[in-house]
Amino acid sequence: MPARALAARRAAAVLGLVVTALSAAAVSILLGSNHLDPGVVLTALVHPGEDVGAVVWGSRVPRTVLGLLVGLCLGVAGAVMQGQTRNPLADPGIFGVTAGASLAVVLGVTLLGSLSVLATVWLALLGALVASVAVFTVAALGRGLSSPVPLAIAGTAVSAFVTAFTSALVLADETSLAAYRIWVVGSLSGRSLHGVGVVVLLAAAGLLVAAAHTRTLDALALGADLAASLGQHLLRARLAGLAAITLLTASAVALTGPIGFVGLTAPHVARRLVGGGHAWLLPASGLVGATVLLGCDVVGRLVGGATSEVSVGVVLSVLGGLAFVLIVRRTRMTAL
Amino acid sequence: MSAPSAVAARPWRRVPGRPPRRRVVFVTVGCLLAALAVGVVGLAAGSSSLTAGDAVRTLLGGGSPGEHLIVVGLRLPRVLGALLVGTALGLAGALTQTFARNPLATPDIIGVTSGASLGAVMAIVLAGGTYQVAAGTLSLGMPAAAAVGALLTALVVYGLAWRGGIDSFRIILIGIGATATLSGVTSYLVARAQITEAANAAQWLVGSLSGMSWSSVRPLLVVVLLVTPVALAQSRDLEVSQLGDDVTSGLGVAVQRHRLLVLGCAVLLTAAAVSASGPVEFVAFLAPQVAQRLAATARPPLLASAFVGALVVAGADAASRTVLPGQLPVGIVTAVVGAPYLIWLLTRLKERETVS
């Protein structure tokens, strides 16, 4: 296919994904466990203040924004992770972020008895950052950053180590288990955007670093030696990638709790749509992530009803898993 | 002393163009002996302390009736269970990591572990609804439920991945999807269950050897004894398959049959281990990676991985019954001890991978 036609096809695919993500956002504002008339919702969007306004502006809008942001973060982080490690099975969670955040939250509950929503966000962020620094240190130990140990293996080992302590705490203390089993599935409900501006800024910074990183990822896809001979500064390339992954996944896990699977699978779907070039792959993967996360959140609200919504982490695993199986079956997936 | 003779004195040092055979044998035998030694220590260790000599004497038919009861009746199934669970998971992990040519491809990535977990958690959470009834089904129903869950999942994943043949990348992606779906249902059940049942489920999901008895060891022993030779017979084809799918079939390997055998072995081993002990997940990742680095091979050596797995699980179990506080489940101890060791190995050995 000529280069221009290829570029046009990719642009069309990304445009289609933008439209899909925006439609998902619209649906997420219009539908919820409180059955409201769409017209009423639209009125409340313009004239907030009444009961409906409280539902729409207090719950649905922040939730939608959160879903878009976190989905975008996870999708982009997954694509960066798989590009950096050249491993199609690398999930951004193996960077230790999920394990670190879980341990911090469980430690908080064990020591303090209970945690406010905001305290949970900050603890999770702290744990995520500490754990990713630990993974990074392990990767850099020994022979220095110019020839680091395999990141995916180091991350898996550190994650398992940290998770063991989480399990030990949870098994010893039922209060911690009670809090942990709810937090660990990941949810968009009951979260608010108040007081977490810094976390949102971190996420935005991560997106910027990732966006500036696409050419480097393309070079890394050829292998470290070839990338270096193409003029890439390997240490800088690795640092930028790790910074992007950490910022994106740490803020995501702090905002919603651990949401797996998006980061692992969104890049595969996106790669199928726009190919392996990272300038297209990163936005496409982020948009797939955002759409899927919001869609699953809406399904969770509608299935559970007002009293017992099914959290997005569960819906995402179940429906996302099934959908992914269907996609893999129907199409020919591109390996890295 | 000149340099060449220094190399000759250590023939297992990597020499270009020659596989380091002797080092593999050395590591394999060493790990087997270490695992057996740890097993004997595990027989002796516990609340009523015996010496290792007492344990061996009792095992060989001597010892008082009391010692016989403790060693053969109580501790032997647990120690044997630990060794077998480690063997099974280490070998299964080596098979899947080699099969996929990816260190992250542990058996749980083809959905086996998540299927077993869902089966067991369903047995805990749905069987009764009250604690007493659930506790009753714990002893009988859970291993069976886990085994059914594991095998059913493997069949479904294999069936879904079949499109005129099995492609190694496609079956792993489908396994990821299946794992997500099943573990989503599992965490939903855990989140909605009574807290006591959730605690039971959490306990099982960590992996523990405390419920090990002769009735759970026997099926595991049979599976390990039957499957291991089949898996080892695939070793040469696995070596060839490292060159990629096209080259593999070009070199005359019956690719589909080879894949079915490798995956079948991994599934059976994992299902047997997980139904006996719960998912001691980390072992299947750890053991092959450690064995590969100890033996300085390009891919995980099968038998050495199995014995490293046995050593890790039996060692973790012995440690948790003696020096560590509060009878920690073996799944926790393997991660706490094994992860730093792997990290230490990682930091001091030269890697082949350039970017990963």
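A, B, ... follow the sequence lines: proteins, then strands. Residue 1 opens every chain. Since this is a predicted model, take the numbers as computed values, not measurements.
- Using a 4.5 Å cut-off between heavy atoms, A:Leu319 does not touch chain B at all.
- Of the atoms belonging to B:Ala100, not a single heavy atom falls under 4.5 Å from chain A.
- Of the two parts of A:Phe161, the backbone and the side chain both hold a non-hydrogen atom closer than 4.5 Å to a non-hydrogen atom of chain B.
- Contacts of A:Tyr180 with chain B are absent, with no heavy-atom separation under 4.5 Å from either backbone or side chain.
- The shortest side-chain heavy-atom distance between B:Ile332 and A:Leu171 falls under the 4.5 Å cut-off.
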Output side-chain donor-acceptor pairs under 3.5 Å for residues 174-187 of chain B, partner residues at least two apart or in another chain, one line each.
from: B:Thr179; atom 1: OG1; to: B:Asp108; atom 2: O; distance (Å): 3.2
from: B:Thr179; atom 1: OG1; to: B:Gly175; atom 2: O; distance (Å): 2.7
from: B:Thr181; atom 1: OG1; to: A:Val318; atom 2: O; distance (Å): 3.2
from: B:Thr181; atom 1: OG1; to: A:Leu322; atom 2: N; distance (Å): 3.3
from: B:Thr181; atom 1: OG1; to: B:Gly177; atom 2: O; distance (Å): 3.1
from: B:Ser183; atom 1: OG; to: B:Thr179; atom 2: O; distance (Å): 2.7
from: B:Ser183; atom 1: OG; to: B:Ala180; atom 2: O; distance (Å): 3.3
from: B:Thr186; atom 1: OG1; to: B:Leu182; atom 2: O; distance (Å): 2.9
from: B:Ser187; atom 1: OG; to: B:Ser183; atom 2: O; distance (Å): 3.0
from: B:Ser187; atom 1: OG; to: B:Gly184; atom 2: O; distance (Å): 3.2

In a table with atom names and distances, give each donor-acceptor pair under 3.5 Å that connects a side chain of residues 109-121 of chain B to protein atoms at least two apart or in another chain.
from: B:Ser114; atom 1: OG; to: B:Gly111; atom 2: O; distance (Å): 3.1
from: B:Ser117; atom 1: OG; to: B:Thr113; atom 2: O; distance (Å): 2.9

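- Heavy atoms closer than 4.5 Å to chain A are found in both the backbone and the side chain of B:Tyr188.
- Ranked by non-hydrogen atom pairs under 4.5 Å with chain B, the options A:Ser159, A:Ala157, A:Ala172 are led by A:Ala157.
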